Amino acid sequence: MQGESEQSEHSAQTERTELTQEEVRRAVASAQTVVVKVGSSSLTQPSGHLDVDKLGALVGAIAQVCMLGGNIVLVSSGAIAAGFGPLGFDSRPTDVATQQATASVGQGLLMAQYEMAFGQYGIRVGQLLITAEDTMRPQQYRNARRTMAKLLELGVVPIVNENDALASNEIRFGDNDRLSALIANMVRADALVLLTDVDALYTAPPSEPGSHKITFVPNITAMLDDIRVGGSESGVGTGGMVTKLEAARMAAVSGIPTVLTAAPNAGPALMGDEVGTAFAPVKQRGSARRLWIKFAAHPRGVLVADSGAANAVRGGRASLLAAGVVEARGDFAAGDPVWIDDENGNHLARGLAGYDSEEIPNMLGRNTSQLRRLLGEEYAHPLVHRDNLVLL
Ligand SMILES: Nc1ncnc2c1ncn2[C@@H]1O[C@H](COP(=O)(O)OP(=O)(O)O)[C@@H](O)[C@H]1O
Ligand SMILES: N[C@@H](CCC(=O)OP(=O)(O)O)C(=O)O
C-alpha cells in the first residue's frame, strides 16, 4: 500500500467519472477481475440444505468467465443456511453459539459442493474465512490481500466468507455485502456483482404495491434518499437491500462499478447484458491505502485539532502537525488508524498516526523546529502525514 504517488492520489480524489449505463455494462463485461457476491437464499433451500442446482448454475456462469481469462473472487454466504437442515433444525438458529456451530458445519458442506462443481470445469478453489478485524488491522489486511493475489495468479477461484464460527457478535459484518465491497477494494477489482433473490433494486421493497424497478443508478451518493429499502424477507438472508446499497456505495466511491441482480442472471450480468441494476462509479479509483483507511480501518484513538489545523485538514491537502493538535486520546501505536476531530468533537478525517500515543503529549503545540531542537530529528514530522489522511 506504500509508495503510490501523491499526485495520482490527489487526482483520484477530485476527478469525477460520469459513465452511461452502456459504459458501466461494458466495464463489467471487460473487467479483468470481478468480485461476485452470492446470498444465502440463492444457494440453499428453505429447509436449510444446499440447493445443488442453484449452486451448479452459478458455478457454470463463473467458470465461463474464468475460461475466457477473467479472474473471479467469489464471496459466498450460505454457511448457516446450508448447515441448519443437516443438524436437524427447522429454521435458521437465532442464538450466537448455535449459529457459530451451524456455520462450522455448513461451511464445510458449501466448500465440498463448490470444489465438486468447479472441478467439473477443471478449476480449483481456495477458501478464505475473514473476520471484520482482519479487514481493520493493516498486517492481516496485507496478508489477506497477498493470499488472494497469489490464488488468482495460480488460476484458483478464492471463495470468501466471514469466519462465522469465530466472529464475535460485537464486531462482525453479519451480512457479506459490505465484506464483498471491501474485498473488491482489496483485490483492486474492476467490477462487483451482487447476486441475490430479487432481480433488481426497486423504488421500495418489491412486496409493496407500486414499487418499480431501477435499471441504472448514475450516482448512488445522490439517489439514496429517493428510494426506500428494507431488510431481508427470505428467512435466511441477513442484510436485505440496506447492506447491498451500502456495498454498492462503497464500491462506487472506490471507482468500482456494481451490478445487482438475481443469481440466475449471473451469466448475463457478467457478460454486460442489461439485467438488474447497474451502479456507476462516482469517482476514479483511489489508492488501496486510502480506501483501507476510509472503509476498513478501525480507529484506535483521537487527535483533536485546533481551529487552524481543523481548517487546514478540511482543505484536503494538509498534514496534521503537532503544532495544531491540542489533545491525543486512546492507546495506539504508530501506523494505527485514528480519528482526527475538531474541538467540538466532530470527526473530520481518519488517518494513520505517525507516532505511538505515549509519544504525542510531549509533541503537542510545538512547531517543527522546536520539535527538532527539543526532541530530535525523529520527532520533526507530522502526527498524520497527508498521504495517510482521508477526509470523511
Ligand atoms: N427497495 C428494494 N428493492 C429490492 N429488494 C428489496 C428492497 N427493499 C428490501 N428488499 C429485500 O431485500 C431482499 C434481498 O436481501 P437478502 O434477503 O439479505 O438477500 P441475500 O441473502 O441475497 O443477501 C429482497 O428479497 C427484498 O425482499
Ligand atoms: N456468513 C454468513 C452470511 C449470513 C447471511 O445471511 O448473508 P446474506 O445471505 O449475504 O445476507 C453465512 O455464510 O451464513
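Atoms within a ligand are numbered from 1 in the order they appear, just like the ligands themselves. All heavy atoms count here, side chains included; hydrogens, waters and symmetry mates do not. Remember, it's a predicted structure, so these values are computed and weren't measured experimentally.
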>> Regarding Glu208 and Arg228, does a basic nitrogen lie under 4.0 Å from an acidic carboxylate oxygen?
In response: yes
> Side-chain heavy atoms under 4.5 angstrom apart, residues restricted to Ile, Leu, Val, Met, Phe, Trp, Tyr: same cluster for Val242 and Leu201?
Replying inline: yes
>> Apply side chain to side chain donor-acceptor pair (under 3.5 Å) to residues Asn176 and Ser77 and explain how you reach the verdict.
In response: CA-CA 6 Å; Asn176 271 337; Ser77 300; 2.9 Å; yes
> Taking C-beta and beyond as the side chain, do Leu392 and Leu348 meet within less than 4.5 Å on heavy atoms?
Replying inline: no
> Under 3.5 Å, N or O to N or O, is Arg228 touching ligand 1 that way?
Replying inline: yes
>> For ligand 2 and Gly78, I'd like to know whether there is a polar contact (N/O to N/O, distance under 3.5 Å).
In response: yes
> So do Val35 and Val187 actually touch side chain to side chain, heavy atoms under 4.5 Å?
Replying inline: yes
>> Salt bridge or not between Lys150 and Glu153? Use side-chain N to carboxylate O under 4.0 Å.
In response: yes
> Is any N or O atom of Ile80, backbone or side chain, closer than 3.5 Å to an N or O atom of ligand 2?
Replying inline: yes
> Does Asp177 reach ligand 1 with a nitrogen or oxygen that is under 3.5 Å from one of the ligand's nitrogen or oxygen atoms?
Replying inline: no
>> As a check for students: among Thr196, Leu260, Thr277, Val229, identify the option with a heavy atom nearest to atom 22 (O) of ligand 1.
In response: Thr196
> Taking atom OG1 of Thr258 and atom CG of Asp177, what is their separation to the nearest 0.5 Å?
Replying inline: 11.0 Å
> Can a non-hydrogen atom of Gln99 be found less than 4.0 Å from any atom of ligand 2?
Replying inline: no
> Is there a heavy atom of Gly240 sitting under 4.0 angstrom from any atom of ligand 1?
Replying inline: yes
> With hydrophobic residues grouped by side-chain heavy-atom distances under 4.5 Å, do Val65 and Val275 end up in a single group?
Replying inline: no
>> Yes or no: does Val198 have any heavy atom under 4.0 Å from an atom of ligand 1?
In response: yes
> For ligand 1, is there an atom lying under 4.0 Å from some heavy atom of Ser207?
Replying inline: no
> Under a 4.0 Å heavy-atom limit, does Asp164 contact ligand 2 with its side chain, its backbone, both, or neither?
Replying inline: side chain
> Contact between Pro206 and ligand 1, counting heavy atoms under 4.0 Å?
Replying inline: yes
> What do you reckon, are the aromatic ring centroids of Phe216 and Phe279 less than 6.0 Å apart?
Replying inline: no
> Is ligand 2 less than 4.0 angstrom away from at least one heavy atom of Lys244?
Replying inline: no
> Looking only at heavy atoms, is any part of Gln107 under 4.0 Å from ligand 2, and if so is it the side chain, the backbone, or both, or is it neither?
Replying inline: neither
> At a 4.0 Å threshold, what atoms of ligand 2 neighbour a non-hydrogen atom of Arg92?
Replying inline: 4 (C), 6 (O)
